[in-house]
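Here's the structure we're looking at; comments come further down.
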Amino acid sequence: MKMREVVLVYLDRSGGLQKFVHDCKKYNDSKQSYAVYRFIISINPSDIAELDATLGNYILHNPLQAAQIFQSVCFVAIKTLSLIEQLQTEAQISILLKPTHLPPLPSYVLSLSAYPFNYTSQRFYMSDGIVIAMGTVTKYTQGARFLCTEETCPFSEGFRCIRVHCPGATESATVRTDFVCSLCSSPLQEDMKFRVLGDKQIVEMIDAKMLNALKGYSNDKSHFRIQAFTVFLRDELANKMTIGNHYRIIGIPACVQNGLQATACIEVNSPSFVSDNFKYLLSLTSSSCWRFTAVLANVFASQVVPPGTYNTLKLAILLSLVQTCEKENADYLDLLVVTSDTLIIDRLLNYSLCLLPRGIRHPPSSEIFPSVSKDKHGTGSASIQACSAVLAKGGICYIGDLSSYKKDKLELLQSVLESRTTTVFIPGKKYGEEADQQVTVSVQTNFWSHVDVDSSSKKHIQKENFLIGQMDVSLIPVNLVDGFGLLIYNEFPSCHLSSSVVHHVLRRAINPEAMLYKVSQQFRTQDYEEFILFARNLHVELSSEAESLIQGYYLASRRVRRDSIHGSTLSASALKILISLSKAHAKLSLRQTVLEEDAVIAILLLESSLTLKHGTSVLCVAPNPVFPFDITDENSLQQRDIYLMQCHHQVLKFIAAYSPGIHINTNEE
């Protein structure tokens with residue numbers, strides 16, 4: 001009785017009583033009799049524990065029994081205030097308690113990667129993970145009315161035998177044909193007119209630690225047992241989750257028997273910073289807008305390749321890493337690397353993946369994009385599997401050698417690169433539905449891939465009419481190559497690796513754990529990881545000068561890069577790529593405003609990429625325009641600054657000649 005009094009006081013103080021009265025009014029206005037009247041009551045465990053510790057403890061550790069106390073209070077309130085005229089018995093009220101949070105203590109966290117697996121206690125737990133599969137929304141029975149088949153029995157009429165769904169219960173626990181009357185032991189028969197149906201969706205989730213297993217490279221040598229778990233979303237929670245997203249849930253775990261198998265399931269109910277070494281480097285290079293990112297790229301990934309090698313590719317990787325987020329209309333930056341040394345490029349890309357929480361190395365045996373399979377819980381409905389691209393949401397999906405994929409996969413990849421969505425077709429007949437369904441899934445990730453230039457030349461007869469600077473990538477469809485934001489060709493030609501790279505590979509093979517360079521101690525992998533997490537969250541805006549330079553170059557390039565048959569060879573996405581590159585360079589420089597200097601780097605990178613795709617243009621940039629020579633000391637950085645200023649001036653002249661309508665402020669000096 002004391003607990004009932006506390007429940008009434010809590011509902012009154014928290015506003016729950018007012019919401020309950022409002023919900024009752026909707027039932028009463030419908031004038032329809034139901035077997036079950038369902039109410040959702042929000043519970044703040046902290047507030048209710050302050051009122052009465054015993055009740056607070058009861059709700060947290062015996063929620064199903066605690067719901068019966070709320071059920072009794074609500075029934076008395078309905079009858080006292082005449083809120084629902086159709087209601088006859090207390091059994092018709094179904095109460096769902098929803099805690100706003102749980103105490104931040106280890107005993108309230110459910111983890112299937114830790115022993116013991118405490119999923120039989122029927123109390124609230126908190127868990128979090130990533131959605132890796134989603135079923136379609138189906139129906140389940142919220143409640144049903146049963147009548148005794150013996151006419152003289154009092155239970156042969158009224159609402160005395162009510163079956164209500166409980167967390168973790170299967171459909172057969174709520175409705176089946178072998179129930180007997182508790183009064184006379186005669187068979188019970190369901191009154192189908194009063195069956196109440198609700199929506200149900202089955203979701204598969206897995207611990208976020210699973211992503212570490214999908215990375216191609218990791219410094220973490222520890223081992224984990226990771227197991228997927230099933231989540232039941234019912235009624236108002238159906239379709240509230242998105243495949244690939246990370247969620248924290250509160251629910252009651254249960255062990256559901258499916259044939260001979262038992263499945264664990266749940267019925268749902270740190271700041272980043274920049275290291276001191278990077279700050280010091282930023283202050284040392286503050287005299288130029290180009291030097292900080294040049295040094296960043298120069299010493300990046302010294303655990304995999306020697307400092308000073310593959311600088312253009314490493315800069316492109318860093319730019320792509322900071323252009324990752326989970327927003328709908330994000331600025332994406334995809335990379336396609338053309339190389340004759342796939343082993344080293346693969347190691348470099350694998351290493352770079354691990355700098356993000358969601359860097360996924362796509363395993364060739366699985367699907368890149370979502371696929372459909374039959375739900376394994378016995379419902380026969382369709383289940384959409386997340387696959388690599390969706391799991392990499394807000395990160396990088398590295399799909400390996402592009403030439404290893406068949407034509408249909410490449411066409412699907414091209415479609416996704418253009419629209420950032422993919423459509424999953426669910427045939428109705430196969431999965432027990434009346435009509436076919438199409439589900440559109442958002443793909444919010446940057447794609448990385450590489451192409452072996454030697455395999456391309458072996459499988460295809462090379463064209464004879466190549467333009468100056470153009471590469472043979474005829475193995476890959478032209479539209480797909482255009483779909484990638486940047487096409488990068490590594491500095492070293494086939495079979496002519498520099499001695500420093502050969503020396504690095506040999507020393508690594510002899511002693512994999514050795515620290516080969518002093519710079520690896522100054523700028524550790526962890527430092528780069530923290531730096532990228534900080535830089536990617538910066539909000540940057542285009543300055544008017546940078547915007548004019550980008551627009552001027554884009555319009556001029558569309559005029560000079562054209563032929564009489566196909567028109568302009570510059571794709572419509574080139575402007576987005578330019579803006580994305582400029583913003584990425586500003587983020588990498590830890591600035592919140594995109595300057596002309598950022599736009600210059602973006603233009604040179606894109607022009608180099610366009611030259612590889614379509615041949616050189618009137619602008620005629622060098623084969624390696626961003627790093628024309630080695631970065632060894634401050635003098636070489638000074639020479640690079642002078643060279644980039646000359647490039648800036650060259651771009652301005654190019655715009656003036658081929659896009660005269662664009663007004664550019666030029667510095668006379």
Side-chain angles (χ1 to χ4, degrees), residues 112-113 129-135 203-218 220 223-230 243-244 261 334-337 339 342-354 356-377 382-393 395-417 422-426 430-431 439 441 443-452 455-456 459 475-477 480 483-484:
L112 295 183
S113 63
I130 295 169
V131 178
I132 60 171
M134 293 187 71
V203 171
E204 291 284 334
M205 295 183 72
I206 199 162
D207 196 303
K209 291 177 183 176
M210 178 272 303
L211 295 177
N212 293 328
L214 297 178
K215 293 180 178 179
Y217 176 98
S218 179
D220 190 358
H223 300 278
F224 300 94
R225 177 187 179 276
I226 298 175
Q227 176 182 333
F229 57 93
T230 304
I243 195 165
Q261 293 184 335
D334 309 300
L335 299 182
L336 177 59
V337 185
T339 180
T342 56
L343 178 62
I344 290 180
I345 297 303
D346 187 63
R347 287 176 180 173
L348 179 56
L349 294 175
N350 275 336
Y351 169 83
S352 304
L353 280 182
C354 299
L356 287 177
R358 292 227 197 175
I360 302 295
R361 170 66 190 259
H362 170 66
S365 58
S366 64
E367 297 290 334
I368 303 177
F369 302 110
S371 58
V372 181
S373 63
K374 188 162 285 189
D375 175 54
K376 62 184 180 182
H377 297 87
S383 177
I384 301 174
Q385 307 295 316
C387 303
S388 301
V390 178
L391 290 177
K393 182 176 183 179
I396 304 292
C397 182
Y398 174 35
I399 58 178
D401 188 353
L402 206 58
S403 58
S404 64
Y405 293 95
K406 294 182 179 179
K407 183 180 178 182
D408 59 330
K409 302 294 182 185
L410 296 179
E411 289 176 350
L412 181 56
L413 175 60
Q414 179 187 330
S415 172
V416 171
L417 289 174
T422 183
T423 301
V424 180
F425 178 73
I426 304 175
K430 185 176 180 180
Y431 296 105
V439 179
V441 180
V443 180
Q444 300 169 17
T445 183
N446 288 339
F447 288 94
W448 289 355
S449 186
H450 64 77
V451 176
D452 188 348
S455 68
S456 177
K459 292 183 181 180
L475 187 65
I476 309 300
L480 177 56
F484 282 88

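Residues take their numbers from the sequence shown, with the count starting at 1.
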Name all residues meeting the side chain to side chain donor-acceptor pair (under 3.5 Å) criterion together with [X]; count only those two or more places apart in sequence or in a different chain, and write none if there are none.
X: Glu411; answer: none
X: Lys430; answer: none
X: Ser388; answer: His362
X: Thr422; answer: none

- [ ] Just do the side-chain contact (heavy atoms from CB on, under 4.5 Å) check on Phe369 and Cys387 with the steps written out, would you?
- [x] CA-CA 6 Å; Phe369 302 110; Cys387 303; 5.8 Å; no
- [ ] Using the side-chain contact (heavy atoms from CB on, under 4.5 Å) rule, take Leu417 and Asp334 through it: C-alpha gap first, then chi angles, then the decisive distance, then the call.
- [x] CA-CA 9 Å; Leu417 289 174; Asp334 309 300; 3.5 Å; yes
Task: Passing option when Trp448 is tested against Val337, Asn350, Leu336, Leu335 for side-chain contact (heavy atoms from CB on, under 4.5 Å) - done: Leu335
Indicate yes or no for a side-chain donor-acceptor contact from [X] to the backbone of [Y] under 3.5 Å, with no hydrogens or angles considered.
X: Thr230; Y: Glu204; value: no
X: Tyr405; Y: Ile399; value: yes
X: Asp207; Y: Gly129; value: no
X: Thr445; Y: Ala392; value: yes

TODO: Using the test side chain to side chain contact (heavy atoms under 4.5 Å, CB included), find all partners of Ala386 that sit at least two apart in sequence or belong to another chain.
DONE: Ile132, Ile243, Val390, Leu391
Task: Side chains of Val424 and Val441 in contact at under 4.5 Å (non-hydrogen atoms) - done: yes
Open item on the list: Are the side chains of Thr339 and Ile344 in contact, using a 4.5 Å heavy-atom criterion?
Closed with: no
TODO: Locate the shortest heavy-atom distance separating Val443 from Ala389; write the atom from each residue and the value.
DONE: CG1-CB, 4.0 Å
Task: Heavy-atom pair with the smallest gap, counting every atom of Asp401 and Asp452 - done: OD1-N, 4.1 Å
TODO: Before giving the answer on side-chain contact (heavy atoms from CB on, under 4.5 Å), spell out for Phe425 and Val372 the whole-Å C-alpha distance, their side-chain angles and the decisive distance to 0.1 Å.
DONE: CA-CA 8 Å; Phe425 178 73; Val372 181; over 6 Å; no
